[in-house]
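In this text the structure is predicted, and so the values were computed from the model without any measurement. Numbers for residues simply follow the sequence, beginning at 1. Values below: every heavy atom of this structure, side chains too, minus hydrogens, waters and symmetry copies.
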Amino acid sequence: MIVVKVELWSALTGRRTELARMVIDNVGGTEQVGDYRCRTLRGRSEDALDRALLRMDTTGTQREGKVIGHARLREHVWNLVSKALSGMGYGR
């Protein structure tokens, strides 16, 4: 499982606040080409996102999508993250 966190780091106080979290699960494919399930979690704080990760059902998931046929050895992981976000309808 790949976990992508979005954090806000205050330049004034140094405080870190988690704003969002996404998980990308390997669900098949080959060594070269992978298939993934992608989910963004419901919540706007580290505690809420931790609880959502434990639930991982419809109450813990904000959006869900798939990435099929990702060239995992040729493409950087950021390409997978981009495909995952696009597949869930973000960035439109």
Side-chain angles (χ1 to χ4, degrees):
M1 174 169 49
I2 297 170
V3 178
V4 180
K5 294 181 179 186
V6 177
E7 294 181 332
L8 173 65
W9 290 28
S10 172
L12 298 176
T13 66
R15 180 176 173 226
R16 293 183 317 180
T17 305
E18 187 172 357
L19 302 176
R21 193 180 307 172
M22 172 173 65
V23 294
I24 303 173
D25 302 311
N26 180 6
V27 295
T30 66
E31 188 176 323
Q32 291 80 24
V33 178
D35 299 333
Y36 300 89
R37 175 179 58 179
C38 315
R39 294 171 284 177
T40 52
L41 302 181
R42 189 176 306 280
R44 293 187 179 196
S45 69
E46 185 174 4
D47 289 339
L49 293 162
D50 285 343
R51 287 192 303 274
L53 185 60
L54 292 175
R55 287 193 306 270
M56 284 301 242
D57 56 11
T58 55
T59 62
T61 301
Q62 181 98 17
R63 295 188 190 187
E64 186 168 338
K66 293 181 181 177
V67 175
I68 304 298
H70 174 70
R72 58 175 96 184
L73 298 180
R74 280 197 332 251
E75 295 186 32
H76 196 277
V77 68
W78 285 120
N79 291 303
L80 174 60
V81 170
S82 176
K83 291 175 188 179
L85 289 168
S86 180
M88 290 183 284
Y90 290 100
R92 292 187 182 154

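Nearest approach of Val67 to Cys38, heavy atoms of both residues: CG2-SG, 3.8 Å. Scanning both residues, Asp35 and Gly29, for their nearest heavy atoms gives OD2-N, 4.0 Å. The shortest heavy-atom contact between Ala52 and Leu41 is CB-CB, 4.0 Å.
The distance from the OH atom of Tyr36 to the CD1 atom of Ile68 is 10.5 Å, given to the nearest 0.5 Å. The line from CD of Gln32 to CZ of Arg74 is 9.5 Å long, rounded to the nearest 0.5 Å. To the nearest 0.5 Å, atoms CZ (Arg37) and NZ (Lys66) are separated by 9.5 Å.
Residues that satisfy the salt bridge (charged side-chain N to carboxylate O under 4.0 Å, His left out) test with Arg72, not counting sequence neighbours, are absent from this structure.
For the side-chain contact (heavy atoms from CB on, under 4.5 Å) with Glu7, the lone residue among Glu46, Arg16, Arg21 that qualifies is Arg16.
In this structure, the side chains of Arg44 and Glu18 stay at 4.5 Å or more apart for every pair of heavy atoms. The closest side-chain heavy-atom distance from Thr40 to Tyr90 is below 4.5 Å.
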Side chains of residues 77-86: which donor-acceptor pairs under 3.5 Å do they make with residues two or more places apart or in other chains?
{"unit_1": "Lys83", "atom_1": "NZ", "unit_2": "His70", "atom_2": "ND1", "d": "3.0"}
{"unit_1": "Lys83", "atom_1": "NZ", "unit_2": "Glu75", "atom_2": "OE1", "d": "3.1"}
{"unit_1": "Lys83", "atom_1": "NZ", "unit_2": "Glu75", "atom_2": "OE2", "d": "3.4"}

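Between the side chain of Arg39 and the backbone N or O of Val23, no donor-acceptor pair lies under 3.5 Å. With Thr61 contributing its side chain and Arg63 its backbone, the two residues share no donor-acceptor pair below 3.5 Å.
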